[in-house]
Amino acid sequence: MTIQILVFLILAAIAIGTAVGMLVSRNAIYAVLFLVSNFITVAVLYLLLGAPFISLAQVTVYAGAIMVLFLFVIMLLGGEKLPVAAGWGKQRWAIIGVAVVVLVEAGLLLVLKGDMSLMLIESAMDAGPASIGMTLFTKYALPFELTSVILLSALVGAIVLTKQDKP
């Protein structure tokens, strides 16, 4: 076992642990902090794969800007504590079913693929900020603009929902 695979396994365990911690956390602030930890772990995994630009974008965009927005909304709406659920009810079987399907798919992938070496995409190795920007604003201009409109409408909706009427 090489050091790269060992580091990958440790980071994968941390990413899974922080994701589970985010899901089971009853405090919304702690859930956001678990999510930030998960994003940072995924950024380190991107570094391990040889994609430093994507890693930097992961940290600045997700762990930085979006998590600050999440914390701002949580503090603004006062939703720090989540209510205790009465029970899983009918969701229990759906959760078990999805978990079984994911585990079977992962097992099939390991059996059929066999080779666990880290593979790099050739085109991603040469992709710097300039080439990514040119591709984003030429070939994918419409999806980029649609994403901008969706985020803007979500921001306006959040402001409208939290606005308190003055007497």
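Placement of Leu35 and Val24 in two distinct hydrophobic clusters is found when ILVMFWY residues are connected by side-chain heavy-atom separations under 4.5 Å, directly or transitively. Residues Val32 and Val61 share a single hydrophobic cluster, defined by chaining ILVMFWY side chains whose heavy atoms lie under 4.5 Å apart. Linking Ile, Leu, Val, Met, Phe, Trp and Tyr whenever their side-chain heavy atoms come within less than 4.5 Å puts Leu9 and Ile14 in one cluster. Under a hydrophobic-cluster definition in which Ile, Leu, Val, Met, Phe, Trp and Tyr are linked whenever side-chain heavy atoms come within less than 4.5 Å, directly or via other members, Val59 and Val44 are assigned to different clusters. Side-chain heavy atoms closer than 4.5 Å link hydrophobic residues (I, L, V, M, F, W, Y) into clusters, and following such links, possibly through other members, connects Val36 to Leu23.
Going from atom CD1 of Ile10 over to atom CD1 of Ile3 covers 7.5 Å, rounded to the nearest 0.5 Å. One distance of note links CG of Asn27 with CZ of Phe34; it measures 10.0 Å at 0.5 Å rounding. If you take CG on Leu47 and CG on Leu56, they are separated by 9.0 Å, rounding to the nearest 0.5 Å. Thr60 contributes atom OG1, which lies 12.0 Å from atom CZ of Phe39 (distance to the nearest 0.5 angstrom). A distance of 8.0 Å separates OG1 of Thr2 from CG of Leu6, quoted to the nearest 0.5 Å.
Looking at Val7 and Leu11, their side chains come closer than 4.5 Å, going by heavy atoms from C-beta outward. Side chains of Gln58 and Val42 form a contact here, defined as non-hydrogen atoms less than 4.5 Å apart.
For Ala31 against Ser25, the heavy-atom pair with the smallest separation is N-OG, 3.6 Å.
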Output, in order, the C-alpha distance, side-chain angles, deciding distance and verdict of side-chain contact (heavy atoms from CB on, under 4.5 Å) for Gln4 and Leu48. CA-CA 8 Å; Gln4 196 173 21; Leu48 189 66; 3.6 Å; yes
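Put simply, the side chain of Asn38 never gets that close to the backbone of Thr18: no donor and acceptor are under 3.5 Å apart.
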